[in-house]
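The structure that follows is given in the form of structure tokens.
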Amino acid sequence: MKKFILPAILVSLGSGAAFAGNANSGKAKALTAGYRIVSVGPNETVCVNA
């Protein structure tokens, strides 16, 4: 029984990871407009459109 549990867990984790990677690859990278923080000097940052 112990020889069966570890391979079964590894197979289920591997198939779950493959499904999650495949399901996520078809989605758009960004759905809404975003902003990024830009450093303009020491201790100074501004937000700009990405």
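Atom set for the values below is all heavy atoms of this structure, side chains included, hydrogens, waters and symmetry mates excluded.
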Only pairs under 3.5 Å count here: list side-chain donor-acceptor contacts from residues 13-20, not counting sequence neighbours, and write none if there are none.
unit_1: S15; atom_1: OG; unit_2: V11; atom_2: O; d: 3.1
unit_1: S15; atom_1: OG; unit_2: S12; atom_2: O; d: 3.1

Supply the members, apart from I37, of the Ile/Leu/Val/Met/Phe/Trp/Tyr cluster built from side-chain contacts under 4.5 Å; use none for a lone residue.
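Taking Ile, Leu, Val, Met, Phe, Trp and Tyr as members, I37 stands alone, with no cluster partners.
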Can you name the side chain to side chain contact (heavy atoms under 4.5 Å, CB included) partners of L10, sequence neighbours left out?
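Result, side chain to side chain contact (heavy atoms under 4.5 Å, CB included) vs L10: L6.
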